[in-house]
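Everything below concerns the one structure shown next.
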There are 2 protein chains.
Amino acid sequence: MSTPQGARARARAEITAAIKDEARRQLASEGAAKLSLRAVARALGMVSSALYRYFPSRDDLLTALIVDAYDSLGEAAEAAHARAGGIVPPDRWVAVCEAVRGWALSHPHEYALIYGSPVPGYSAPQTTVPAAARVGNLLIAIVRDAYQGRGVARTPVPAELEPESRRIAADLAPDLPPEVTVALVAAWAQLYGLVGFEVFGQFNRLVEDREPFFRHAAARLAEGVGLVHAS
Amino acid sequence: MSTPQGARARARAEITAAIKDEARRQLASEGAAKLSLRAVARALGMVSSALYRYFPSRDDLLTALIVDAYDSLGEAAEAAHARAGGIVPPDRWVAVCEAVRGWALSHPHEYALIYGSPVPGYSAPQTTVPAAARVGNLLIAIVRDAYQGRGVARTPVPAELEPESRRIAADLAPDLPPEVTVALVAAWAQLYGLVGFEVFGQFNRLVEDREPFFRHAAARLAEGVGLVHAS
DNA sequence: TCGCAAGCGAGAGCACCGCTCTCACTTCCG
DNA sequence: CGGAAGTGAGAGCGGTGCTCTCGCTTGCGA
């Protein structure tokens with residue numbers, strides 16, 4: 001994007017961005033299921049068939065939005081992590097969790113897109129993997145930091161889980177004890193359980209004052225991974 | 001259903017059931033987004049408009065399927081709970097969790113319907129509430145049982161969460177200590193985080209041997225609620 | 001510098017969708 | 001037994017994703 005090879009290439013980039021912007025707007029207001037190529041084209045003063053010059057199908061447009069959503073979430077989480085730079089690992093963990101929750105609450109449809117039920121026939125291409133990993137990497141980094149500072153309590157894993165725990169550790173963080181990586185993956189999934197229930201309305205009429213509830217749950221999640229306050 | 005008031009009423013019940021069956025079949029094979037009234041009607045040898053005599057809209061048909069899904073899940077969980085009748089509470093907890101997971105893995109689209117992203121414009125009517133509560137009630141019952149047997153470890157709740165914890169306890173289980181009900185609600189959400197990640201493919205290429213992983217995570221969830229092995 | 005291939009937008013059209021309305025026909029109840 | 005209510009068929013409305021063709025424009029290579 002720094003080398004505009006020509007007017008046509010620049011126009012193409014601009015129109016592609018405009019399509020994504022309008023699509024994101026419709027996604028935010030109506031949800032993924034009602035995202036319509038024709039409506040996007042209409043809003044842009046184009047005819048629907050012209051859109052296919054930029055995205056070969058509706059699913060490809062959705063994929064682009066998915067990648068963007070992962071990146072947006074990852075960015076929010078990383079910003080929170082950076083802001084919490086000087087803080088002790090358990091509190092940094094909570095800060096990242098709260099950032100995830102905050103982003104999800106302010107982008108519910110995008111959250112649904114990436115962590116809700118997968119879209120009908122379609123499965124996310126490999127393109128999404130690096131963007132999707134950003135939050136996970138952050139959580140790993142926090143635990144690694146604590147571990148190097150000896151601030152991790154280790155809970156043993158049953159024998160039947162031992163091989164799998166070694167596999168997970170090898171994939172995720174070979175420098176961490178396997179049982180810690182198992183707890184980490186579980187906590188990661190559980191975090192999205194908490195966030196998802198709130199975003200999707202499962203807490204309606206059950207939990208009212210959700211922020212302290214979430215903060216407490218996130219803190220206990222941190223304990224589950226072994227992050228302990230040094231004090 | 002025990003008093004067939006007439007041929008017409010019986011026919012109506014039968015056709016309604018046939019529609020739901022066919023819809024469920026399409027739901028299982030294609031997912032909620034591709035559930036088409038016209039396709040259901042076609043499979044049944046009817047014309048699409050005739051279907052509206054039985055379900056006023058596609059969303060109403062979906063609602064019926066949602067209630068059925070909640071009931072099916074609740075039934076599976078209750079059956080597992082009954083089978084685990086004589087077992088100590090922490091293990092009964094794990095048994096129910098495993099039943100939820102098992103049901104979700106064998107009914108992924110129905111799971112997505114009830115615990116995935118909510119369908120576009122539509123919000124679940126009150127009709128679904130009792131069916132939706134069945135699993136939760138089971139988990140509450142297990143904890144209550146353990147509590148009456150003094151088998152619950154209580155983790156205090158921060159001051160900022162205390163009012164909310166009392167509110168939750170009043171709603172959910174006034175006979176249990178508020179901090180236990182808070183942990184219970186969190187664990188409930190976290191359970192669906194674990195299950196959802198597995199069903200929706202977030203564990204692909206990350207966790208391979210998922211059954212022991214889940215069993216371990218569920219057991220630690222039980223610990224988080226305060227269920228401890230007496231031994 | 002010019003010609004031609006590639007890029008692009010418009011439009012028509014296909015098969016599908018949810019949903020509505022009307023019109024016959026049947027069933028059932030007062 | 002007659003009228004009201006229930007039922008299914010059919011046509012039709014406006015919408016969808018997607019394809020194909022047709023001209024116009026752009027810009028690269030000879």
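Proteins get letters first, then strands, A, B, ... in listed order; numbering begins at 1 in each.
The CE atom of B/Met46 sits 16 Å away from the P atom of D/dG6 (whole-angstrom rounding). In this entry the distance linking CD1 of A/Ile15 with C1' of C/dG7 reads 11 Å, nearest Å. The separation between A/Arg10 atom CZ and C/dC8 atom C1' is 17 Å, rounded to whole Å. Per the geometry, CZ belonging to B/Arg42 stands 17 Å off C1' belonging to D/dG8, to the nearest Å. Atom pair B/Glu14:CD and D/dT7:P shows a separation of 13 Å (rounding to whole Å applied). As rounded to whole Å, 14 Å separates atom P of D/dT19 from atom CZ of A/Arg58. For A/Leu35 and C/dC17, the CG to C1' distance is 17 Å, given to the nearest whole Å. The distance between atom CG of A/Leu37 and atom P of D/dG17, rounded to the nearest whole Å, is 5 Å.
Remark: A/Glu22 pairs with A/Arg25 by the salt bridge (Lys or Arg N to Asp or Glu O under 4.0 Å) rule, at least two apart or across chains. Legend: residues meeting salt bridge (Lys or Arg N to Asp or Glu O under 4.0 Å) with A/Arg134, ordered by chain and number and at least two apart, are A/Asp71, A/Glu78. With sequence neighbours excluded, no residue forms a salt bridge (Lys or Arg N to Asp or Glu O under 4.0 Å) with A/Arg210. Residues that satisfy the salt bridge (Lys or Arg N to Asp or Glu O under 4.0 Å) test with B/Asp21, not counting sequence neighbours, are B/Arg24.
Among the protein residues, B/Leu61 comes within range of no part of the nucleic acid, since none of its heavy atoms lies under 4.0 Å from any strand. Counting any heavy atom pair closer than 4.0 Å across all strands shown, A/Leu44 reaches no nucleic acid atom.
Donor-acceptor pairing under 3.5 Å is lacking for the side chains of B/Asp60 and B/Thr63.
Across C/dC19, D/dC18, D/dG15, the shortest atom-to-atom separation from the side chain of A/Ser57 is found for D/dC18. Of the candidate nucleotides D/dG17, C/dC17, D/dT16, C/dC17 has the atom lying nearest to any side-chain atom of B/Ser36.
The side-chain hydrogen bond (donor to acceptor under 3.5 Å, both in side chains) pairs that include a residue from residues 40-55 of chain B number zero, where partners must be two or more places apart or lie in different chains.
Listed pair B/Arg12 / D/dT7 meets the phosphate criterion, a side-chain N or O lying under 4.0 Å from OP1 or OP2.
Aromatic ring pairs are classed by plane angle as parallel below 30°, tilted from 30° to 60° and perpendicular above 60°; the pair B/Tyr192 and B/Trp188 is perpendicular.
Annotation: proximity of residues 47-55 of chain A to DNA chain D (heavy atom, distance under 4.0 Å) is found for A/Ser48, A/Ser49, A/Tyr52, numbered in ascending order.
Evaluation of atom-type donor-acceptor distances gives a pair under 3.5 Å for the side chain of A/Arg38 against the base of D/dG17.
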